[in-house]
Amino acid sequence: MTDESFVCAREDGRPLQPQTLTHEWKRLVAKTGLPRIRFHDLRHTHATALLASGVHPKIASERLGHSKVGMTLDLYSHVLPGMQEDAVAKVDAAMQAARNKRETNR
């Protein structure tokens, strides 16, 4: 027994060989009749789902193990085509709220 721990390991705790996981994944997907995708594509799906659902990019970056949030944004910002519009809408809403508050306090 060692102090090492692995995300995917054999029953005795030793690391799996990467091709073992790939072969098992292919076998499982073939049984389902679902479209064939690479195991690594699950990572991209996860990243895309995180960002598309509004999870903060820093959190997504940490979950993906990226050293910098910029890496995550460079790879996945295409998922967020409405980012500029959302930013404008939020600033507009904040300005409207401030204006309404000022008018109410007069």
Practice task
With sequence neighbours excluded, tell me which residues meet side chain to side chain contact (heavy atoms under 4.5 Å, CB included) with Gln19.
Solution key: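 Residues passing side chain to side chain contact (heavy atoms under 4.5 Å, CB included) with Gln19: Gln17, His23.
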Once you round to the nearest 0.5 Å, how far does [atom1] of [X] lie from [atom2] of [Y]?
{"X": "Lys26", "Y": "Leu28", "atom1": "NZ", "atom2": "CG", "answer": "13.0 Å"}
{"X": "Glu85", "Y": "Lys90", "atom1": "CD", "atom2": "NZ", "answer": "12.5 Å"}
{"X": "Met95", "Y": "Asn100", "atom1": "CE", "atom2": "CG", "answer": "12.0 Å"}
{"X": "Thr20", "Y": "Glu24", "atom1": "OG1", "atom2": "CD", "answer": "9.5 Å"}
{"X": "His46", "Y": "Leu51", "atom1": "NE2", "atom2": "CG", "answer": "9.5 Å"}

Exercise for the section: Compare every heavy atom of Ala60 with every heavy atom of Thr72, then report the nearest pair and how far apart it is. Expected result: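 So the minimum-distance heavy-atom pair works out to CG2-CB, 4.5 Å.
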Practice task
Looking only at non-hydrogen atoms, find the nearest pair between Val69 and Ser61 and report the distance.
Solution key: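 Closest approach of Val69 to Ser61, heavy atoms only: CA-OG, 3.5 Å.
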Handout entry: Short N-O contact, Arg10 and Asp12, less than 4.0 angstrom
Key =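 Answer for the salt bridge query: no.
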Under 3.5 Å: donor-acceptor pair, side chain of [X], backbone of [Y]:
{"X": "Arg36", "Y": "Val29", "value": "no"}
{"X": "Trp25", "Y": "Ile37", "value": "yes"}
{"X": "Asp92", "Y": "Val88", "value": "no"}

Handout entry: Co-members of Leu50 in a cluster of I, L, V, M, F, W and Y side chains, linked at under 4.5 Å
Key =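 Cluster partners of Leu50: Val55, Ile59.
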Handout entry: Whether over 12 other heavy atoms sit under 6.0 Å from Arg63 CZ
Key =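 For Arg63, atom CZ is not crowded (no more than 12 foreign heavy atoms under 6.0 Å).
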Handout entry: Neighbour count above 12 (heavy atom, 6.0 Å) for Arg99 CZ
Key =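 No, CZ of Arg99 has 12 or fewer neighbouring heavy atoms, counting only those of other groups under 6.0 Å.
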Practice task
Kindly work out whether a path of hydrophobic side-chain contacts (I/L/V/M/F/W/Y, heavy atoms less than 4.5 Å apart) joins Leu21 to Leu42.
Solution key: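 Hydrophobic grouping puts Leu21 with Leu42.
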Quiz: residues 74-81 side-chain donor-acceptor pairs under 3.5 angstrom, not counting sequence neighbours:
residue, atom, partner, partner atom, Å
Tyr76, OH, His44, ND1, 2.6
Ser77, OG, Leu73, O, 2.9
His78, ND1, Leu75, O, 3.3

